[in-house]
Amino acid sequence: MPHVLDILEERGFIEAKTHGQELFDWLGAEGRTCYVGFDPTAASLHIGHLIPVMALAHMQRCGHRPIALVGGGTGLVGDPSGKTEMRQMLTPAAVRANADALKAQLARFIRFDEERALLLNNADWLVSLSYIDFLRDIGRHFSVNRMIKAESYRMRLDSDEGLSFIEFNYMLLQAYDFLELFRRCDCRLQMGGSDQWGNIVAGIDLVRKVCQEPAYGITFQLITTASGAKMGKTAAGAVWLDAERTPPYAYYQYWVNSADADVARFLALYTFLPMKEIREVAGLRDADLNLAKTVLAFETTQIVHGRQAAVEAMEAARCMFGARAVPVDLMPSSSIPRQGGTQGEEDAVPCTDLAVDAVAAGLPLFKLLQATGLSPSGGAARRLISQGGAYVNGQRVESPQQLVTMADFQNDGLLLRTGKKHFHRVRLKKVQPGEKED
RNA sequence: GGUGGGGUUCCCGAGCGGUCAAAGGGAACAGACUGUAAAUCUGUCGGCAAUGCCUUCGGAGGUUCAAAUCCUCCCCCCACCA
């Protein structure tokens, strides 16, 4: 079996690690326990969380035992690391609800059956801590002189806003988590984003001081897109793993729209396809690269939303954009369907129902653009049309006054498009007499 | 608690009585070029069935024909002092 550190290194995960050779040797044996913490600041993970999640999945595939630690306790405090502003404080009830939601999503990546991975919540040991005991047992091992020199606090200590005492304590709590997991599960490795370096090292030191045992840490690269933007940040907000927040189609589209320069890197980080095949992608040029983007989008969507949703998203995209089928010899390990697929599968495209009555008299198109959410306001829709950016059934709309009529509907359906890549279907809905339209 | 400096449209940031829906930049959106890429150029970028009307410049009042701009009170942030 290949060594997990080699895999993570080769695929571009690792930014820094402690104890180079010693860590390598320790991971050389099977069944090592490692962990990553996820604070439940929202009811869903987003793309930014994917790197540590994938890393845990690689750990498991290499025969180790990952722990996903949901921060039900630390989430009540809020990590200031690398943050320019203080986090909004969440109510304990919200933190609990979020923690439950995260568990379900993590199970997409990691198998938790038969103790092959653990899902723990640090609220189980943090919430009941006694202040004085904690200060005496844990707090005495921390040097404030050292803490204020930590890079992760630098931004806040230098800022106008400052650092509140509750946030200053976060490092101790996370260090205590590591100690607790070491004691409970013999967990000796903590991983996290590059902003977690300070917190991880604090935990390593604490384990050594309290138990005189070695512990290790790995931090991951901060992944940005080729244009320098944070992963998963769009104008509409984060790209979520929750299908309610980001539908599979939109999730798929996010990945298809990756920049050329990112494709190979993202395939390595966000899929499990073999590196040998990914390296071949580097030889692709121009439009051929789009095929690799299709594989990337399909694979990542499949992991998060399942095969069915991934196929639907891909078919919808193929239908809308008319992309070529992925050839058999491109990344053969991918389970992406290679044939043209079924015709006209548009189900994944966002859709709005419209009552016949509303159309019968003629509905101004700009109203419809607004109603479907393609335009944020009527004015924006009018501007869009006059700039030539609106299309009905593939036909450019010429005038802002244009009406949508029954003639525009084929099989009770109509396809709106704005710009190059925003599609929305409209379905005619026959309202029975006496039936109320919402 | 004292003194001083601030809170402007998605973000940064100008404006300091009419010419302000508010400069400039960024983000975003559309068009052209393309490959659902990048870069570039052009346009748009509070709302409204719209040559006009309405709502915005921390909040509430006030002065004025006219207020983001002046006055009063309040809230919040920052710096220095205690």
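Below, read A as the first sequence line, B as the second, and so on, with proteins coming before strands; counting in each chain starts at 1. All values reported here derive from a predicted model rather than from experimental measurement. Values below: all heavy atoms of this structure, side chains included; hydrogens, waters and symmetry mates excluded.
For the pair A/H422 NE2 and B/G31 C1', the interatomic distance rounds to 14 Å; values are reported in whole Å. Across the protein-nucleic acid pair, A/L384 atom CG and B/U44 atom C1' stand 10 Å apart, rounded to whole Å. The distance between atom NZ of A/K420 and atom C1' of B/G35, rounded to the nearest whole Å, is 8 Å. Spacing between atom CZ of A/F321 and atom P of B/U34 amounts to 18 Å, rounded to whole angstrom units. As rounded to whole Å, 8 Å separates atom P of B/A30 from atom NZ of A/K421. When the P atom of B/A38 is taken as reference, atom CG of A/N290 falls 11 Å away, rounded to whole Å. The interatomic distance linking A/L289 (CG) with B/A38 (P) rounds to 13 Å, in whole Å. Put simply, CG on A/D286 is 18 Å from P on B/C33, counting in whole angstrom units.
Between the side chain of A/N122 and the backbone N or O of A/G73, at least one donor-acceptor pair lies under 3.5 Å.
Comparing the same atom, C1', in B/U9 and in B/U56 gives a spacing of 7 Å after rounding to whole Å. Nucleotides B/G7 and B/C11 have their P atoms positioned 14 Å apart, rounded to a whole Å. A distance of about 47 Å separates the C1' atoms of B/A50 and B/G4, rounded to the whole Å. With P as the reference atom, B/G62 and B/C78 are 32 Å apart, rounded to whole Å. Comparing B/A66 with B/C54, their P atoms are spaced 15 Å from each other, to the whole Å. A distance of about 25 Å separates the P atoms of B/A79 and B/C73, rounded to the whole Å.
Summarising the base pairing, B/C73 is matched to B/G59 through a Watson-Crick or G-U wobble pair whose two defining distances lie under 3.5 Å. Under the Watson-Crick and G-U wobble criteria, each requiring two contacts below 3.5 Å, nucleotide B/U3 is paired to B/A79. Here B/C20 sits opposite no nucleotide as a Watson-Crick or G-U wobble pair (both hydrogen-bonding atom distances under 3.5 Å).
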Could you run through nucleotides 48-57 of chain B and give me one letter per nucleotide, 5' to 3': B if any protein heavy atom sits under 4.0 Å from the base, S if only the sugar-phosphate is that close, - if neither? SBB-------
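Residues from residues 250-257 of chain A that place a heavy atom under 4.0 Å from any atom of RNA chain B, listed by number: A/Q253, A/V256, A/N257. RNA chain B lies under 4.0 Å from no heavy atom of any residue of residues 273-283 of chain A.
We find that A/D262 and A/R265 are joined by a salt bridge, their nearest charged nitrogen and carboxylate oxygen being less than 4.0 Å apart. The residues A/R324 and A/D288 are annotated as salt-bridged, a charged nitrogen and a carboxylate oxygen being separated by less than 4.0 angstrom. Between A/E312 and A/R307 there is no salt bridge, since no side-chain nitrogen of the basic residue lies less than 4.0 Å from a carboxylate oxygen of the acidic one. Note on A/D412 versus A/K429: no salt bridge recorded, every NZ/NE/NH1/NH2 to OD/OE distance being 4.0 Å or above.
When the side-chain nitrogen and oxygen atoms of A/Y391 are compared with OP1 and OP2 of B/G31, one or more of them lie within a distance under 4.0 Å.
Separation of atoms CZ (A/R279) and CG (A/L267) is listed at 12.5 Å; rounding is to 0.5 Å.
Across all strands shown, A/R324 has no heavy atoms under 4.0 Å from either base or sugar-phosphate atoms. No engagement by A/S386 is indicated, since no non-hydrogen atom pair under 4.0 Å with the nucleic acid exists.
Under the 6.0 Å cut-off for aromatic ring centres, A/F321 and A/F423 qualify, their centroids lying closer than that. The six-membered or imidazole ring of A/W240 lies away from that of A/Y251, with a centre-to-centre distance of 6.0 Å or more.
Contact of A/Q387 with B/G31 (side chain to base): no donor-acceptor pair of N or O atoms is detected under 3.5 Å. A/D260 contributes a side-chain N or O that forms a donor-acceptor pair with the base of B/G35 under 3.5 Å.
Inter-residue side-chain proximity for A/S334 and A/R338 is flagged as met; some heavy-atom pair is nearer than 4.5 Å.
A/K421 and A/N257 share a donor-acceptor pair across their side chains, judged by distance under 3.5 Å alone. Between the side chains of A/Q190 and A/Q196, no donor-acceptor pair is found at a separation under 3.5 Å.
Both A/A390 and A/A287 lie near RNA chain B, and the one whose nearest nucleotide falls closer to the 5' end is A/A390.
The aromatic rings of A/F266 and A/Y270 sit perpendicular to each other, their planes meeting at more than 60°, with 30° as the lower class boundary.
Judged by the 6.0 Å distance and 45° axis criteria, A/R396 is not positioned over the aromatic ring of A/Y391.
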